[in-house]
Amino acid sequence: QVQLVESGGGLVQAGGSLRLSCVASGRTFSSHAMAWFRQAPGKEREFVATMRWSGGSALYADSVKGRFTVSRDNAKNTVYLQMNSLKPEDTAVYYCAARVGFERLLRPENYHYWGQGTQVTVSS
């Protein structure tokens, strides 16, 4: 059974940093794309960043490019989202997601597995 468990959310002031973690278990993820999405109250779930578990370049939403970095630690089966220069508009529940294959990575409906989410709140 696949499990994705996020942690690391919290309350931070604008300009601060947080690092989110997503521990993946239940199968081998070498053929998977791992992604972060977020959802603010009253808004649709939106793409943040994605990368192949096997490595290679990452893809970012324009709104976070240059501020967020996605990475993974194979030994810990963990994907990270380092978030710097946080803004109030980054406030949302952040979700880790995984899908088999590397197509159509920007749409949440194309992902097979989801974590429970972790709240990030950025105060002004």
Side-chain angles (χ1 to χ4, degrees):
Q1 182 178 354
V2 173
Q3 274 198 313
L4 303 176
V5 180
E6 303 99 331
S7 62
L11 173 64
V12 64
Q13 287 190 331
S17 298
L18 282 174
R19 188 177 78 160
L20 306 183
S21 301
C22 171
V23 179
S25 62
R27 67 177 301 162
T28 302
F29 290 89
S30 57
S31 299
H32 287 64
M34 306 298 294
W36 290 93
F37 286 80
R38 66 187 181 186
Q39 189 166 18
K43 294 188 176 182
E44 292 188 353
R45 192 166 297 190
E46 67 171 357
F47 167 77
V48 175
T50 186
M51 68 176 298
R52 296 186 181 204
W53 186 272
S54 57
S57 59
L59 184 64
Y60 298 93
D62 287 344
S63 58
V64 307
K65 204 171 294 182
R67 299 187 298 123
F68 291 11
T69 303
V70 61
S71 62
R72 89 258 185 261
D73 183 331
N74 287 340
K76 296 182 178 180
N77 247 34
T78 301
V79 177
Y80 301 100
L81 184 68
Q82 177 67 43
M83 305 185 295
N84 299 328
S85 302
L86 282 161
K87 304 174 181 181
E89 51 264 43
D90 294 319
T91 295
V93 177
Y94 282 71
Y95 297 91
C96 177
R99 63 152 291 156
V100 178
F102 310 111
E103 302 82 31
R104 301 185 297 276
L105 298 176
L106 306 187
R107 297 297 305 168
E109 59 266 26
N110 296 323
Y111 284 78
H112 307 109
Y113 309 109
W114 290 88
Q116 82 288 352
T118 185
Q119 176 71 47
V120 172
T121 303
V122 184
S123 63
S124 57

Given side chains that start at C-beta, do those of Arg99 and Leu105 come closer than 4.5 Å, heavy atoms only? yes
With heavy-atom distances below 4.5 Å as the criterion, would you say the side chains of Val70 and Thr50 are in contact? no
So which atom in Met51 and which in Ala58 form the shortest heavy-atom distance, rounded to 0.1 Å? CB-CB, 4.1 Å
Would you say that more than 12 heavy atoms from the other residues, nucleotides or ligands in this model lie under 6.0 Å from the CD of Glu44, or not? no
Between the main-chain N or O of Thr118 and the side-chain N or O of Glu6, is there a donor-acceptor pair closer than 3.5 Å? no
Does CD belonging to Gln1 count more than 12 external heavy atoms closer than 6.0 Å? no
Beyond-backbone contact of Val120 with Leu20, side-chain heavy atoms, under 4.5 angstrom: yes
Provide the closest heavy-atom pair for Ala98 versus His32 in the form atom of the first, atom of the second, distance. CB-CD2, 4.3 Å
Tell me the closest heavy-atom pair linking Ala49 and Tyr60, and the distance in Å. CB-CD2, 3.6 Å
State whether a side-chain donor-acceptor pair under 3.5 Å links Ser17 with Asn84. yes
CZ/Arg67 to CD/Gln82 distance, rounded to the nearest 0.5 angstrom? 12.0 Å
Just so I know, are the side chains of Leu81 and Val48 near enough to count as touching, which here means a heavy-atom distance under 4.5 Å? yes
Is Thr91 reaching over with its side chain to a backbone N or O of Glu89, donor-acceptor style, under 3.5 angstrom? no
Going by heavy atoms in the side chains, are Arg72 and Thr78 under 4.5 Å from each other? no
Please state whether the rings of Tyr95 and Trp114 are parallel, tilted or perpendicular, taking 30° and 60° as the class boundaries. perpendicular
Is the shortest distance from a Lys or Arg side-chain nitrogen in Asp90 or Lys87 to a carboxylate oxygen in the other one below 4.0 Å? no
For Leu4 versus Cys96, what's the shortest heavy-atom pair and its separation? CD1-O, 3.7 Å
Are Val64 and Val12 connected, step by step, through hydrophobic side chains (Ile, Leu, Val, Met, Phe, Trp, Tyr) whose heavy atoms are closer than 4.5 Å? yes
Heavy atoms of Phe29 and Ala24 approach each other most closely as CE1-CB, 3.6 Å
Does the pair Trp53 and Thr28 meet the rule for a side-chain contact (heavy atoms from CB on, under 4.5 Å), with working shown? CA-CA 10 Å; Trp53 186 272; Thr28 302; over 6 Å; no
Check: Phe37 ring centroid to Tyr111 ring centroid under 6.0 Å: yes
Taking all non-hydrogen atoms of both residues, which atom of Ala92 and which atom of Arg38 are closest, and how far apart? CB-CB, 3.8 Å
Between atom OG of Ser25 and atom CD of Gln3, what is the distance when rounded to the nearest 0.5 Å? 5.0 Å
For a quick check under 3.5 Å, do Tyr113 and Arg27 share a side-chain donor-acceptor pair by atom type? yes
Between Tyr80 and Arg19, do the side chains contain a donor N or O and an acceptor N or O under 3.5 Å apart? no
